[in-house]
Amino acid sequence: VKHMQDSDNTRPTTTAVHAFYKLGCTACKTMASKAPPHTTHPPRTTDRGFLPGEFLHLDSVGGYIEELSIEGARDSLTITDDASGVRLCLPVPSKATEHIAKILTNYQAQSQVPIKRILADDPILKDAVVHWCKTQPFPVAYMATPPKSPQSNGRAESTVGYCKSKARTFRQASGASANLHSFALSWAAITSNFLPSSTDPLGSNRSPVQIFPDYPYRHRNLSHDLPFGCKAFVYEEPPTGQHNLARRARPTVFVSWSTTSPSYKLLNLDTMEV
């Protein structure tokens with residue numbers, strides 16, 4: 001509402017918004033985090049002179065129980081682009097730096113933009129990640145944040161807090177089990193890229209995708225306004241000889257978007273596989 005034009009006929013009043021919120025949403029009341037203070041998650045107010053894709057903020061969500069993840073992930077790595085505010089939350093088998101280095105390689109290949117700088121916590125900037133930074137055609141500058149000072153990497157901390165809060169809320173609202181949490185985190189990051197952003201360098205409240213239209217793993221021919229856990233139907237070819245009686249689509253549940261092909265990730269309710 002804050003970022004909508006006053007002349008917009010669809011713009012609700014703040015009184016109406018507060019009245020609606022007071023009705024209470026169980027998922028929001030029980031799962032959403034409180035807004036972080038500006039001291040620990042300071043907003044970026046100036047343009048650092050980097051183009052989209054050149055300066056990345058990295059952080060992990062803190063891990064989750066391995067046996068609860070359908071895809072076998074134990075943690076997720078958040079990537080926040082400094083210039084555009086684009087967010088991604090990608091599952092990783094562990095916090096081992098070789099997995100992070102592979103993600104950076106793929107991210108750079110997808111964006112077609114050479115990474116120039118990385119800001120992350122000290123455990124991330126070790127071994128394979130440092131080797132990756134030093135062996136690029138143009139060495140990547142990397143900087144570790146001081147211990148116990150989240151404000152030093154506020155962009156990354158803000159992304160982690162946002163994704164965890166939204167993932168919990170929408171997983172609760174949809175009734176999804178904890179083994180789909182990594183998908184909910186990925187969904188939360190991607191959908192945030194289509195919302196107005198107060199960190200727009202031009203001060204125009206553009207969405208991150210408007211600033212960085214070709215951010216990695218974006219599929220332009222797919223819808224990005226799908227709620228997590230909504231029902232989806234997949235067309236399937238009827239078996240031979242049963243064209244008149246066989247069903248034409250299988251009911252599934254939408255959980256996220258694929259990073260390897262222009263397709264959706266869907267939960268098969270018959271096999272409980274994604």
[atom1]/[X]: more than 12 non-hydrogen atoms of other groups inside 6.0 Å:
X: Met4; atom1: CE; result: yes
X: Lys166; atom1: NZ; result: no
X: Asn9; atom1: CG; result: no
X: Phe138; atom1: CZ; result: no
X: His131; atom1: NE2; result: no

Distance from Asn205 atom CG to Ser197 atom OG, nearest 0.5 Å?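 The OG atom of Ser197 is 7.5 Å from CG of Asn205, to the nearest 0.5 Å.
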Does [X] reach the side chain of [Y], with side-chain heavy atoms less than 4.5 Å apart?
X: His181; Y: Arg171; answer: yes
X: Cys230; Y: Val253; answer: no
X: Leu88; Y: Ile190; answer: yes
X: Ile103; Y: Ile79; answer: yes
X: Phe183; Y: Leu267; answer: no
X: Pro123; Y: Lys95; answer: no

Is Thr78 reaching over with its side chain to a backbone N or O of Asp59, donor-acceptor style, under 3.5 angstrom?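 The answer is yes, because a donor-acceptor pair under 3.5 Å joins these two groups.
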Side chain to side chain donor-acceptor pair (under 3.5 Å), that's the test. Do Gln210 and Ser207 meet it? Break it down for me. CA-CA 5 Å; Gln210 289 177 301; Ser207 66; 3.3 Å; yes
Quick test of your reading of the model: are Asp122 and Lys126 salt-bridged, counting only N-O distances below 4.0 Å?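 Salt bridge: yes.
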Under 4.0 Å between a Lys/Arg side-chain N and an Asp/Glu carboxylate O for Arg250 and Asp270?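 Yes.
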Worked check of side chain to side chain contact (heavy atoms under 4.5 Å, CB included) between Val86 and Val209: CA-CA 7 Å; Val86 159; Val209 74; 5.8 Å; no
For Phe50 and Phe55, I'd like to know if the aromatic rings sit close, meaning centre-to-centre distance below 6.0 Å.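 For Phe50 and Phe55, the ring centres are under 6.0 Å apart.
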Is the distance between the ring centroids of Tyr217 and Trp257 under 6.0 Å?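 Centroid separation for Tyr217 and Trp257: 6.0 Å or greater.
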Derivation of the side chain to side chain contact (heavy atoms under 4.5 Å, CB included) call for Leu56 and Tyr107: CA-CA 10 Å; Leu56 304 181; Tyr107 184 97; 3.7 Å; yes
Parallel, tilted or perpendicular, as decided by the 30° and 60° cut-offs, for the rings of Tyr215 and Phe194: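 Correct class here is perpendicular.
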Go through the steps to decide whether Arg87 and Thr159 satisfy the test side chain to side chain donor-acceptor pair (under 3.5 Å), and finish with yes or no. CA-CA 7 Å; Arg87 292 165 165 166; Thr159 295; 3.2 Å; yes
